[in-house]
Structure formats: structure tokens, C-alpha cells
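Since this is a predicted model, take the numbers as computed values, not measurements. A note on names: the letters A, B, ... follow the listed sequences, proteins ahead of strands, and every chain is numbered from 1.
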Amino acid sequence: MNRFEYERAGTLAEAIGAEGAFLAGGTNLLDLMKIGVQAPARLVDISRLPLTEIEPVEGGLRIGAMVRNSTLARDPQVLAKYPALAEALLSGASAQLRNAASTGGNVMQATRCSYYQDPLSPCNRRNPGSGCGALGGETRNHAVLGWTEGCIATHPSDMCVALAAYDAVVEISGPEGARSVAMAEFHPLPDAQGAGDAPLAAGEIITHIRLPDPGAMARHARYVKLRERTSFAFAIVSAAAALAVEDGRITQARLALGGVAARPWRCRTAEAALLGQPATIETFTRAAELALEGASPSGANEAKIRLARKIAIRALERAAAGTPERLPALPASLFAGDDNG
Amino acid sequence: MADMMTAGGHVRLGSNAGQGLTRRDGVLKVTGGAGYAADCRPEGLLHAVTASAGIARGRVTHLDVAAAEAHPGVVKVYTHANALPLALSPDNKIHPFVWRMDALQSDEVRYAGQPIALVVAHSLEAATEGARLLAPQYDAQPARVTLDDAEPYETDTTAFGRPSGHSSGDIEAARAAADSHLTTTVETPSQYHNPLEPHAITAQWHGDQLEIDTPNQAIGLAKQTIAAFLGIDPSQILLRSPFLGGGFGAKAIVFGAQFLTILAARDLGQPVKMVLRRDQMYGPVGHRAPTRQTLQLDLDAEGHILALEHDTITTTSTFDQFLESASNASHSVYATSALRTEHHARRADIGTPGPMRAPGEASGSAALEIAMDVAAEARGMDPLAFRRLNYAKIDPSTGLAFSSKALEECYAKAAEAFGWEGRPLAPRQMREGRLLKGWGMGTAQFPCPMFQAAAHATLRADGSAVIETSAADMGQGAWTALAQIAADGLGIDVDKVEFRSGRSDLPDAGVAGGSGHTATAGNALFNAGADAVRQMVDLATNDPASPLFGAGNLGVTARGGRLHRNDDDRSESYEDILARAGLELLRGEGKASREGTPERAMFSHGGVFAEVLVDPDLGQIRVSRLIGAFAAGRIINPRLARSQLLGGMIWGIGFALHEEALHDARTGRFVNNDFAGYHVPVNADVPMIEAMTVHEDDPFVNALGIKGVGEIGVTGTVGAIANAVWHATGIRPARFPIHPESLI
């Protein structure tokens with residue numbers, strides 16, 4: 001069999017600098033190993049690391065990298081102040097996978113680009129310099145923003161889209177010390193040659209995600225996800241939006257898109273354009289136009305640009321209407337029963 | 001394992017058939033006690049893994065056999081260079097359920113995913129790694145995988161010897177007389193069966209005797225196939241298939257990958273097991289081929305269909321033939337004075353298609369029901385009223401009367417339960433909040449075939465019985481429904497029936513396919529029971545010591561494990577009759593088939609009504625309500641029948657909205673050959689669904705009046721959903737699955 005070493009890291013110190021692939025929930029890495037896409041010589045099991053706290057910190061919340069997706073989604077602090085994060089988490093995968101998947105692992109999950117997942121296809125992300133197999137192939141699910149001919153893959157996470165909108169920061173520890181990177185910039189965009197640099201240097205590990213206080217946006221934040229299957233499917237496109245509105249005018253705005261690029265796509269130009277405007281469909285439509293400015297199809301996926309505009313508008317509309325007391329039974333769904341327009 | 005007696009506790013009102021018993025194998029299945037083929041671990045077991053072709057057309061130029069054989073644990077590598085011979089040409093068709101027996105005959109690659117080597121090892125992991133180490137190199141040709149780039153191919157037959165075309169009535173004259181002509185084109189994609197249990201096989205030879213554990217829907221035919229290609233006598237083979245984790249047609253056939261395992265076990269003198277991975281289920285074990293269907297309906301001024309033409313273009317492989325016979329779905333549903341159907345093929349670099357749940361009927365019904373809605377719209381008629389106007393009182397393709405047809409009752413019952421009345425004619429008239437709401441309907445129809453089956457029923461001294469036939473339980477509940485029928489044949493309680501099934505050393509129960517298994521195996525079992533009872537009656541009525549002495553055959557009824565005189569209230573138990581005769585057991589034999597040319601058209605029918613919600617901006621669709629009523633002859637077990645009908649309707653949701661296998665057009669490889677990429681419905685896609693049945697007595701289909709419910713639920717449903725999408729959006733779906741972006 002394809003042999004690999006296995007080691008369990010008992011402490012963070014043991015994990016930092018360890019050579020090999022970090023194994024947390026295993027919901028993605030083990031699949032990739034089975035299909036021959038990844039073949040690490042060594043697995044470093046970090047699933048028992050004591051990074052499992054969700055703690056209020058000054059100005060926000062700090063989430064341990066080993067907090068399970070299901071735990072995070074049901075945390076009272078998250079539900080109260082970051083409901084779009086809970087909604088994003090609950091719209092992802094299945095209950096069984098959410099029980100296993102970790103916060104850090106969700107950030108680190110690989111693209112679901114089918115050419116990345118097919119070891120016989122060229123892929124700059126998997127095999128730098130081999131080319132992009134997806135270009136000219138089946139590209140309905142591929143990027144419309146920030147792509148190059150080197151790579152047109154998208155990042156599949158729902159959670160990261162909400163985190164990017166909330167201005168989350170990824171805390172990283174490594175042999176060279178600790179550093180922090182904004183969630184919205186954590187995943188590299190492709191360059192002309194390929195997928196870009198790895199987000200983490202060798203031996204680096206995500207320890208926490210830090211969320212700043214959303215302030216007045218706490219109860220005006222939503223995540224919306226388009227997919228053909230009502231549950232257990234990745235987004236065709238998705239959006240996280242948060243707003244603060246005072247005297248009819250938008251005073252704070254956040255917007256991030258999912259399923260459109262190699263990273264959760266924070267739409268800062270659109271956010272700036274929302275400020276000072278009335279929270280109306282016209283305002284949101286203009287913002288959505290700005291959000292997709294520069295978008296272009298990477299293949300037969302022109303429709304995704306239209307869909308991304310529409311989902312941005314919907315997320316803003318829902319955010320403006322306010323987060324419901326309880327999350328809908330179908331989180332993030334267009335059929336959640338709360339679009340009475 | 002074949003002994004399936006379980007504790008009772010059911011409440012019954014009379015005979016066994018007709019009762020909604022829970023599954024007799026249910027406890028075994030939910031406790032892990034049901035053994036599947038992949039669970040077999042005989043002593044000395046070796047594991048086999050196939051290497052799959054990474055190109056769709058060309059030749060294998062190199063396999064690194066040395067690297068694979070050098071891997072620890074690898075026992076042997078089979079490639080085209082050392083392939084084990086078959087006793088017959090791989091293209092030999094000894095019966096209709098034989099597909100080309102692709103077993104490494106050459107270096108030629110004809111579809112992506114084709115097995116190009118078999119690696120046998122001491123562990124699954126070693127075999128898997130060995131297959132990877134083969135690192136095949138190819139001389140590749142451009143792949144042709146779509147309807148548009150594949151080679152045209154004309155054939156006289158579609159599948160199982162059925163003609164590829166049909167014509168009745170004078171279509172040109174009918175057309176000339178028509179007031180309007182409506183053409184509809186619909187495309188359906190490649191679909192894969194995806195039973196949860198993949199094709200698995202454990203093969204072990206004991207001298208020249210072969211034991212096989214493999215899930216199969218046609219045990220008797222599988223034994224014949226394997227014996228023929230091995231060149232041995234069928235009596236040398238014992239095939240066990242006690243449980244199938246779903247079949248849907250994919251397991252009606254023994255495929256080359258399975259056969260390679262049998263050959264390897266013989267060659268190595270050790271048991272060998274092979275379980276296909278999910279991705280390996282895409283190519284070598286059949287699928288539903290894509291179709292492009294064009295229908296023309298020619299109507300008179302009142303909306304009567306004068307002519308109906310249905311053409312299908314579909315793909316088959318370059319080396320074998322199976323056509324998705326979609327056009328045949330238009331033969332018998334609606335009245336028309338003239339009918340013409342055709343099938344044209346394209347030869348593509350794909351694995352050979354095969355029968356997949358409602359083969360032909362599913363794709364064809366989807367297109368026909370859209371075409372009917374187009375016609376109703378053009379005539380300004382309510383879709384149900386339009387279908388009633390064109391209700392077929394006889395089968396237009398044959399002119400035969402229907403053996404029974406309670407379709408009108410189905411329409412009425414389902415329409416009422418759905419609340420169809422008051423549906424606005426025009427689209428985009430209904431909303432739920434912001435969402436567009438639409439209602440659509442379709443007619444369900446599926447034929448009622450009978451195959452051939454034989455069965456034994458043995459009454460035992462203690463009043464219990466054992467019934468034997470090689471039936472297949474794919475999850476549909478054959479273990480339960482067939483036992484109910486057998487118990488009625490024997491005149492005993494079903495809890496006294498021990499059911500032996502799923503083995504090739506039992507009388508052949510025929511194919512669990514075509515929705516004909518309950519009818520075929522059930523009638524054979526009933527006849528076997530009746531034969532045993534006849535012998536019991538002879539014993540008793542000829543025995544002066546019996547209270548039944550002198551009653552005569554016609555004067556006795558078997559009921560509750562006793563024979564009752566019809567002329568007075570005397571009776572005697574089976575135990576007492578056998579004891580006095582000094583018999584341990586009494587065995588009856590039965591057969592079933594449909595002889596001669598049918599004088600009636602035999603179909604199950606139904607009406608399916610769908611409500612969809614569609615997001616007007618983003619195009620996402622949800623089937624918010626789905627209600628069907630079906631007339632399918634005698635219902636043996638209402639609980640299981642409902643489950644089958646619901647399963648078929650949910651399959652229809654998947655057909656309409658989700659299922660689609662995609663090839664990369666350049667390489668021919670699949671891009672979504674796993675459950676993450678190939679979507680089937682989940683619970684959240686089915687918020688409200690109901691299947692009802694309508695009573696139907698059918699004296700023609702078979703002695704028990706059984707029609708079958710396994711596939712009809714798919715038909716009607718797909719079209720009903722598409723028509724509801726039109727009603728919600730005003731956009732007429734032209735291809736399946738219906739993508740959100742096609743609606744905005």
C-alpha cells in the first residue's frame with residue numbers, strides 16, 4: 001500500500017515545524033489521499049490539540065482552530081453576534097461532516113475543481129508547471145473573478161465567505177514565530193503561472209480565527225447560497241452581507257462572494273459605494289454591479305456572473321431586513337421562507 | 001442467511017397478500033446482520049483491483065507491470081498480454097442480458113474507465129497501490145463522447161431485440177388533416193445508476209466447482225452467462241445474491257470486471273474478491289445514455305391528437321449496442337390516429353449503456369409530457385383536460401384494448417388531493433412570497449411484462465413451510481411481498497413461511513427487472529403453494545380417517561394452516577393430515593410465465609402532479625409538493641408498494657433537477673464520477689410527497705392480477721416537474737437537468 005508515517009502532536013509546540021501534512025478532521029485530506037491527489041509521506045495528527053475554545057476577547061471573538069464546524073455553528077456568541085457565520089456553516093456539507101470538520105481545516109480545504117481532483121489531468125495547483133486542465137474543459141463551476149490562465153479554480157468554503165465579510169483574521173504560528181493574515185487575503189490568487197504561493201509556509205499552523213466585534217451589524221447579517229440540490233452541495237455562487245443602517249442610511253457595509261474565485265471575494269468597492277446610501281434595491285443593485293466589476297467568464301460560465309450579482313443583491317436585501325431571531329430550517333437557502341418581496 | 005423467518009406481531013385482516021407488512025429482512029439490515037457480497041471473507045482471500053483507462057480511445061502502449069508486481073503484497077497482475085481466455089467470443093450473446101464480456105482481450109481502449117488490468121494482492125491496499133503503479137501509457141485518439149461528435153449508426157433494434165421504429169396509421173394524411181403542428185425538442189443527459197452497493201464479487205473454486213457471491217438481479221441468467229464464458233456446466237456454479245444494495249438495472253448483467261475476478265480465482269487457486277470503487281462504476285457497468293428527442297403533435301381544431309411522431313437520437317458504445325428506447329414511451333399513452341416512432345444512434349467512446357430504472361420510459365415520458373403541455377398551451381387548454389381529451393381507450397400502437405386501465409381514476413384522485421382545480425392557465429400567475437409558484441402534471445405509464453419463473457413450496461410436519469425460488473431483493477421488498485403471496489398459495493400464515501431465495505441452486509425466479517418480478521416470481525410461488533395444497537387435499541379427502549374424507553377437491557378450502565370442508569364446518573390441520581399419512585413434508589412445484597401473444601395491452605398507469613417554487617432572480621427550483629396516484633393491479637403489500645412509488649417519484653426529482661454525468665470532451669474522462677459531483681436528491685429536496693394507489697382488478701395480466709410498481713413512479717414525474725417549472729416561470733425547459741441559469 002501507499003505507506004505514510006503517522007504522528008500525533010500532543011501540544012502546539014510539537015505541531016509547529018513538524019514535517020508532513022496536518023490532519024485535523026480528515027474530511028478532505030483523506031479523500032484526496034484515497035484518490036491519489038495528495039500523497040504525504042507523513043501525517044501529523046493535530047486533531048487533539050487544545051485549540052478548542054471559542055473565547056470572547058477584547059473587541060471580538062477568538063475561535064480555536066480545532067473547534068468543530070458543528071460546535072461553532074451552534075455557539076451562542078456566534079449565533080448572537082455573527083449569525084451569517086452560523087448560517088454559512090450550517091449550509092455547508094452534511095451534519096456528519098460538520099461534526100468532524102475543524103475550523104482550521106475548513107480554511108485549508110482544497111478546491112473541488114474536478115481537474116485538480118483528477119491526477120491524470122494537468123493542474124498547476126497540484127503539479128506546478130503542468131498547466132491548467134480546467135481551461136477549455138467543463139467550467140460551469142469555475143472562477144469568474146481573480147483567475148488567470150494558470151488556474152481557474154474556486155475555493156469551496158462557505159464559512160470563509162462569512163469570515164471574510166466579518167473582517168476575520170487568521171492567526172498563524174510557525175517556526176519563525178506568529179503572524180496574522182486577514183481572511184480575505186489568506187488564500188492566494190493565482191498568478192500567470194499557476195495557483196500562487198501556498199498560504200502557509202512549511203511547518204506553519206493555523207491556531208485561531210479572530211473576529212472583530214460587528215457592532216451595529218450584528219443583527220443585520222446574512223449568508224445566501226445558490227445550489228441545485230437543496231442541501232449537501234457546494235455553492236454555485238454565494239454571498240455574505242452585513243449592514244448597519246442609521247436614519248435610513250447605510251453606515252457600515254460588508255459584502256463577500258463565494259464560489260467565484262480562488263478565495264472568498266471581499267467586495268470593498270461595493271461596500272464603499274453602499275455607505276451613506278439608502279438601503280434600497282437600487283442601492284444594492286449598484287453595489288452588486290460594482291462587486292462583479294472586472295468579472296469575466298473563465299469558460300462556459302458567463303451565467304455565474306449574472307448569478308453572483310443577483311445573490312449579492314439578495315444577501316444585502318436580507319441583511320437590511322435583519323437577521324431572524326432563529327436561523328431558518330434551511331440555512332442560507334433561497335427557500336428559507338424569508339424573502340417577502 | 002437464506003432463512004428469513006422473523007418474529008411476527010403483524011395485525012392482519014384476512015389473507016396475507018394485501019397487508020402492509022414491514023420488511024422481513026428489515027431487522028437484519030438495520031443491525032448489520034444482512035451479509036452482502038463485499039462482506040465475504042473466505043479463508044485465503046485475495047483482493048483484486050482493476051486499473052481503469054485514463055483515455056477514451058486509443059491503445060495501451062505500456063504498463064509498468066514490474067513495478068506493480070514488485071510492490072509488497074501483490075500476487076499477480078493481469079493485462080491484455082497475459083489475459084486469461086474465455087470459452088466464447090466476448091461478443092457472443094447467449095441470451096439478451098449479455099453485454100460484451102470485456103476481459104482484457106486487447107490493448108485497445110474504447111472508453112474512459114475501461115478496465116485495462118487486474119491486480120491481485122493479499123490486501124485491498126496493496127492491490128490498489130499495485131494498480132496505481134501500473135502507470136499506463138497510451139497512444140490516444142481524440143475522444144468522441146457527445147451526441148454531436150459521435151458517429152451516426154443505424155440499427156433495427158434498440159434493446160432486448162425490440163424494433164427501433166414503429167409506424168401505425170397514415171401519418172401524412174393525419175398531418176394534412178391537422179389544424180396545428182407542434183414540435184418539441186428535449187435533451188436528457190447521461191445518467192448513472194449509482195446503487196449504494198457497488199458491483200462486488202467474491203469468487204472461489206473448489207476443484208471444478210465455482211462459488212460466487214455477487215449482487216445480481218437475474219441469478220439464473222447470471223449463472224448461464226458465467227457458465228458459458230467459462231465453458232463449464234451451469235450445475236458447477238453456485239451463485240449467492242441474498243441482498244442487493246440497490247440495482248436499478250446495473251446489476252441485471254454480469255460485466256467483464258466481475259468475470260475477470262472469477263478467472264483470476266481459478267488461475268490462482270485462491271478465493272478472490274473485487275469491489276468496484278464509486279468512480280469505477282462510471283463506464284464498465286452500464287448507464288442511461290443521453291437522448292435528443294423531437295416530438296411532433298398534430299392537432300385538430302378541438303385539440304385531438306391526429307398524429308404523434310417521436311424521434312430519439314441516443315448514444316451507444318463503439319463495440320456493443322443498447323439504445324435508450326425513449327420514443328417507445330409514446331406508443332400507448334395517448335390516443336392518436338397515426339403514430340410514428342424512430343430511434344437513431346451515435347457510436348461514442350463510452351461504456352455500453354444498459355437498462356436503468358425505466359429504461360426508455362423515463363427519458364421518453366419526460367419529453368412526451370413536455371410535448372403534451374406545449375400542445376395544451378397552444379390550444380389554450382388545461383393540461384389535465386387536454387390529456388383527458390386525448391385519453392387512449394385502446395392502445396394506439398396495437399389497437400388492442402387495455403387489460404385494465406384506471407388512469408381516469410388516478411387523474412381524479414391525484415388532482416383532488418393536489419387541489420389542481422382553479423389552476424390559472426397562464427404561467428407566472430402564482431407566487432409564494434417572492435418565489436414563483438407553478439403547477440404541472442404528467443401521465444405515468446409502465447408496461448407489465450411477465451418473465452419465466454419456477455418455485456417450490458414445501459409444507460412441513462409442524463405446519464410450517466419453506467418456499468424456494470432464486471428471487472432478488474434489491475431493497476424493493478421481494479423477501480416480504482413474495483412470502484406473502486406464497487403464504488396465500490399455501491393457505492398458511494406468512495410467519496410460518498421460511499423463505500429461501502437469492503441462490504442459484506434454487507428454482508429460477510427470472511429477472512428482477514421490468515417491474516415484473518413480483519408478478520412473475522409471485523405467480524410461480526402461488527402455484528407451487530397451490531400444488532402442495534392440492535396434494536394435501538388428495539391425502540385428506542381420500543383418507544377415511546380424515547374429517548375431510550369424501551369432500552372432494554372442489555369442496556375444500558385451505559385457510560390458516562387447515563383444510564376446511566365447504567359443505568360443513570369440519571376441518572383438519574396440515575400437521576394432522578401429514579402425521580396420519582406418515583409424511584415429513586409435502587412439496588409443491590409451480591411455474592409462471594405469459595404464454596402466447598397477448599390479446600390485451602397491459603400497463604400500469606398513474607397521474608403525477610407537481611408544485612414547484614422557483615426563485616425569480618436566481619432560478620433555483622424546489623419541488624414543494626409531489627402527489628401521484630397509481631393503478632397497478634393488485635397491490636400485494638401497500639407499505640412496500642408506496643415505498644417503491646415514492647422512490648420512483650424521487651428518482652424523477654433527481655432526473656428533472658440533479659442527475660447528469662459530465663465528460664471532459666477532450667479526454668472523454670468523467671469530471672463528476674462521485675457522489676460529491678453527481679447529485680441525487682437528498683431529504684431536503686423532498687419536502688412533501690405522496691403516492692396513492694387506485695384499486696384495479698386485472699384478469700388478464702396474470703392469475704393474481706399483479707402489475708408491478710418498481711419503475712412507473714419515474715414516468716410522469718419528470719414531465720410534471722418540468723411543466724410546473726414552465727407554469728412558474730413561463731420558460732419551457734428544453735433539457736434535463738433543469739439548471740437555474742436556464743430560467744433567468
Taking every non-hydrogen pair under 4.5 Å, which of B:Glu741, B:Arg622, B:His658 racks up the most with chain A?
B:Arg622
Give, as side chain, backbone, both or neither, the part of B:His663 having an atom under 4.5 angstrom from any heavy atom of chain A.
backbone
Is the count of non-hydrogen atoms from other residues, nucleotides or ligands lying under 6.0 Å from B:Gln141 atom CD greater than 12?
yes
State whether A:Lys310 and B:Asp615 are salt-bridged, where the test is any N-O pair (Lys NZ or Arg NE/NH1/NH2 against Asp/Glu carboxylate O) under 4.0 Å.
no
Ignoring hydrogens and angles, tell me if any N or O in the side chain of B:Arg666 forms a donor-acceptor pair with the backbone of A:Gly133 under 3.5 Å.
yes
What residue in B:Leu657, B:Asp617, B:Ile621, B:Leu133 has the most heavy-atom pairs under 4.5 Å with chain A?
B:Asp617
If you tally heavy-atom pairs under 4.5 Å against chain A, which of B:Val682, B:Asn673, B:Leu618 wins?
B:Leu618
Which portion of A:Arg140 sits near chain B, non-hydrogen atoms under 4.5 angstrom:
side chain
Do you know which two heavy atoms are closest between A:Tyr115 and B:Val671, and how far apart they sit?
OH-CG1, 3.6 Å
Mind ranking A:Ala303, A:Ser94, A:Ala329, A:Gly136 by heavy-atom pairs under 4.5 Å with chain B and telling me who comes out on top?
A:Gly136
Rounded to the nearest 0.5 Å, how far apart are OG1 of B:Thr667 and CG of A:Asp118?
7.0 Å
When rounded to the nearest 0.5 angstrom, what distance separates CZ in A:Arg112 from CG in B:Asn672?
15.0 Å
Only counting residues at least two apart or in another chain, list the ones meeting salt bridge (charged side-chain N to carboxylate O under 4.0 Å, His left out) with A:Glu138.
none
If we ignore angles and hydrogens, is there a donor and acceptor under 3.5 Å between the side chains of A:Ser121 and B:Arg669?
yes
What's the spacing between A:Thr139 OG1 and B:Asp664 CG if we round to 0.5 Å?
10.0 Å
Where on A:Arg309 is there a heavy atom nearer than 4.5 Å to chain B: the side chain, the backbone, both, or neither?
neither
Cut-off 4.5 Å, heavy atoms of chain A, and the answer for B:His679 is both
Which bit of B:Phe670 comes within less than 4.5 Å of chain A, counting heavy atoms only: side chain, backbone, both or neither?
neither
Heavy atoms, side chains only, cut-off 4.5 Å: are B:Leu613 and A:Leu334 in contact?
no
From A:Ile35 CD1 over to B:Arg278 CZ, what is the distance, rounded to the nearest 0.5 angstrom?
14.5 Å
Per-residue contact mode, A:Leu330 against chain B (heavy atom under 4.5 angstrom):
side chain
Contacting region of B:Leu662 [heavy-atom separation from chain A under 4.5 Å]:
side chain
Please name the pair of heavy atoms, one in B:Ile744 and one in A:Arg306, separated by the smallest distance, quoted to 0.1 Å.
O-NH1, 3.2 Å
So which residues of residues 224-238 of chain A are in contact with chain B at a heavy-atom cut-off of under 4.5 Å?
A:Lys225, A:Leu226, A:Arg227, A:Glu228, A:Arg229, A:Thr230, A:Ser231, A:Phe232, A:Ala233, A:Ile236
Assert top hit (heavy-atom pairs under 4.5 Å, partner chain A, pool B:Val680, B:Val74, B:Leu124) equals B:Val680
Tell me the closest heavy-atom pair linking B:Val614 and A:Phe335, and the distance in Å.
N-CE2, 4.5 Å
